[in-house]
Amino acid sequence: MSAIAIKYNDEIVDLVTAEERGIEGEAIELDNSAESLDVLRHSTAHLMAQAIKSLYPDAEFYVGPTVKEGFYYDFKTASEVGEGDLKKIEKQMLVFAKKKYKIEKYEISMEEAKEKFKDDHLKLAVMERIPSDTVSIYKQGEFEDLCRGPHLPSVGLIRYFKLTKVSGAYLGGDSKNEMLTRIYGIAFATKEALKAHMDMMREAEKRDHRKLGNEMKLFTFREEVGAGFAIWLPAGGRLRSRLESLLFKAHRKRGYEPVRGPEMLRSDLWKTSGHYQNYGENMYFTNIDELEFGVKPMNCVGHIKVYEDELHSYRDLPLKYFEYGVVHRHEMTGALHGLFRVREFTQDDAHIFCTVDQIEEQIIDVVEFVDKIMTTFGFEYKMMISTKPEKAVGDAEVWEKSEAALVAAMEAHNLAYTIDEGGGAFYGPKIDIKILDAIGREWQCGTIQLDNNLPARFELEYNGEENEKIQPVMIHRAILGSFERFIGILTEHYAGEFPMFIAPTQVAIVPVAESHKEYAKLLSDKLIDINADSEIYAKNDSLNKRIRTAEKTRVPMIVVLGDEEIENKTVAIRDRRTREQYTLSEEEFLQLIQTKVNEVNF
RNA sequence: GCCGACAUAGCUCAGUUGGCUAGAGCAGCUGAUUUGUAAUCAGCAGGCCCGGGGUUCAAAUCCUCGUGUCGGCACCA
């Protein structure tokens with residue numbers, strides 16, 4: 001196989017450019033390596049543009065880069081382009097690919113380029129962003145495109161690709177600009193790799209929490225209820241309450257006190273907090289007796305009122321209040337997505353009121369809490385510090401001090417972190433915890449936010465050693481983020497096969513015949529006593545059918561009870577994953593379940 | 001919010017260029033069967049075809065305005 005490009009000092013250079021510059025390097029062949037695919041996909045994007053141009057002659061083109069999941073090209077045409085048009089474009093791409101056009105390259109001055117593309121206002125927009133005096137043009141057949149490469153030597157090498165989705169995208173990623181059409185695609189060097197990729201996509205689809213949530217009867221959404229409002233079904237309710245009670249204990253052990261604020265509070269408070277000004281367009285408001293109330297979009301104000309309920313001494317601090325706080329946020333329709341983005345959700349929210357000196361140890365405590373939970377579920381995670389955003393309250397000095405405190409805590413404990421400039425909350429900087437799930441996807445869940453602004457706005461204070469008034473620091477933190485989102489993530493992480501300690505049902509009991517139902521009920525009661533939920537499959541169906549039905553619920557363990565078991569006081573266990581069967585005495589079985597249900601503590 | 005696609009039974013889906021009483025499988029109900037590790041058999045019932053308005057002799061099908069869902073973009077205190 002011959003080279004498609006070369007690697008020169010870590011730079012991927014295509015063959016025409018290498019010749020032009022008279023350089024040599026390690027050959028990159030057409031295979032499924034990251035470097036090779038990058039070149040292949042970039043050229044496939046160009047081939048797609050060529051096909052689009054021939055089908056829609058008025059098309060103008062913006063940019064067509066490669067991305068993690070393949071490539072895309074942004075363009076504009078007066079015609080409507082829908083999913084149904086992808087086949088047509090693919091077909092045209094194959095026609096051009098078969099012609100094996102050589103991909104040629106030449107350089108022209110910026111001036112010439114602007115003249116050349118004078119009818120394409122998108123290309124002109126691209127050129128505005130290029131500082132150089134000359135640009136390179138890549139040419140295949142009649143089609144020419146402004147591009148810096150690298151590209152394949154010929155379009156004939158492009159064979160295994162698929163256009164995956166069509167969507168809109170704002171020019172330059174800014175919603176104030178016009179919207180272009182974007183088509184995404186994927187390409188590989190081999191047929192097998194393309195097929196493997198498509199198979200993997202289908203596998204990921206099977207894990208989709210919306211699909212599993214429906215199949216497993218965890219939750220539902222209904223048009224008449226309203227977009228973004230989840231309805232929790234019994235199975236989901238059981239799962240959720242297991243999570244809640246585990247987490248409740250974990251908070252109590254760490255010195256958090258349960259509190260609860262009201263669902264809505266007078267708007268004056270949201271004006272004091274700054275939410276009215278900064279976030280009002282996303283809040284729900286209502287007027288009662290000429291007073292305006294805002295439904296809470298977060299729980300801090302309630303917890304501030306708890307703090308204000310009595311005078312505090314420095315000896316009381318830190319004070320840690322927690323609440324499974326239900327919040328409402330009017331998310332934009334296009335943002336809603338299953339349990340991941342909803343308009344009503346419950347945060348595992350807590351606020352720590354402490355002295356400046358306590359910040360570091362408090363943050364480290366929270367980080368350790370997070371670590372305990374994430375490793376229990378088998379998530380890897382990383383942390384990111386987000387700094388002052390454009391929309392912010394409070395003066396610059398306070399912000400600087402808060403940001404420095406977060407960095408100091410991370411540094412002092414040798415914790416790895418990255419920085420997201422301008423990603424903070426409007427009242428303070430934060431540490432976000434991003435978790436990696438079973439199939440390598442990244443999710444943002446936990447967050448630790450340092451806040452000097454709300455304590456100032458609400459004039460919070462405590463008495464110091466000299467009986468002086470001192471303003472406490474407030475730390476907002478959530479670990480799961482929200483139960484909705486976290487359960488969605490867990491569902492996909494485990495592909496619905498929840499471990500015993502969190503599964504909606506721990507055991508499915510299948511009595512062989514009518515006469516064994518009584519023993520099944522007795523066993524079920526004993527399971528409740530050890531905090532395990534079970535379901536008895538005693539319907540008038542064949543044994544095979546009932547085992548099948550139970551299997552499909554993804555219950556971790558199925559036990560079959562018949563004459564033999566009743567006689568010997570045993571249970572016949574069927575393991576979900578291995579489908580292996582083994583027998584345990586009733587006592588051993590209950591012991592096993594008890595261990596498995598209680599083996600996890602956060 | 002923006003671009004595009006879609007909405008038929010509890011669920012998954014058929015339903016031809018507008019034309020007979022809108023179909024199937026699963027789930028549900030009734031009966032027979034009482035089962036030893038992934039679907040026993042038979043029968044029955046189940047629909048404002050997402051909602052409003054329109055075009056037409058005739059609308060699940062075409063147009064329009066909503067609502068909701070999906071894929072992205074933008075957004076995510």
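The chains referred to below are lettered A, B, ... by the order of the sequence lines, with proteins before strands, and numbering in each begins at 1.
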I want to know whether A:His476 and A:Tyr427 have ring centres closer than 6.0 Å.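 Yes, ring centres under 6.0 Å apart.
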Hey, is the side chain of [X] poking within less than 4.0 Å of OP1 or OP2 on [N], counting only N and O atoms?
| X | N | answer |
| --- | --- | --- |
| A:Lys211 | B:rU12 | no |
| A:Tyr184 | B:rC73 | yes |
| A:Arg574 | B:rA38 | yes |
| A:His337 | B:rG71 | yes |
| A:Ser167 | B:rG71 | no |

Return the nucleotide paired to [N]: Watson-Crick means purine N1 to pyrimidine N3 with N6-O4 or O6-N4, wobble means G-U with N1-O2 and O6-N3, both under 3.5 Å.
| N | result |
| --- | --- |
| B:rA42 | B:rU30 |
| B:rU55 | none |
| B:rG25 | B:rC11 |
| B:rG71 | B:rC3 |

Side chain of [X] only, please: which of [options] is the nearest?
| X | options | value |
| --- | --- | --- |
| A:Ala335 | B:rA38, B:rC75, B:rG36 | B:rC75 |
| A:Arg548 | B:rA38, B:rU34, B:rC70 | B:rA38 |
| A:Met332 | B:rA74, B:rG72, B:rU67 | B:rA74 |
| A:Ala227 | B:rU34, B:rC3, B:rG68 | B:rG68 |

Measure the distance from NE2 on A:His209 to P on B:rC70 and round it to the nearest whole Å. 9 Å
Does A:Glu90 reach the main-chain N or O of A:Leu163 with its side chain, forming a donor-acceptor pair under 3.5 Å? yes
Might you list the N or O atoms of the protein lying below 3.5 Å from N or O atoms in nucleotides 40-43 of chain B, with each pair's distance?
residue, atom, partner, partner atom, Å
B:rU40, OP1, A:Ser542, OG, 3.3
B:rU40, OP2, A:Ser542, OG, 2.5
B:rU40, O4, A:Asn540, O, 3.4

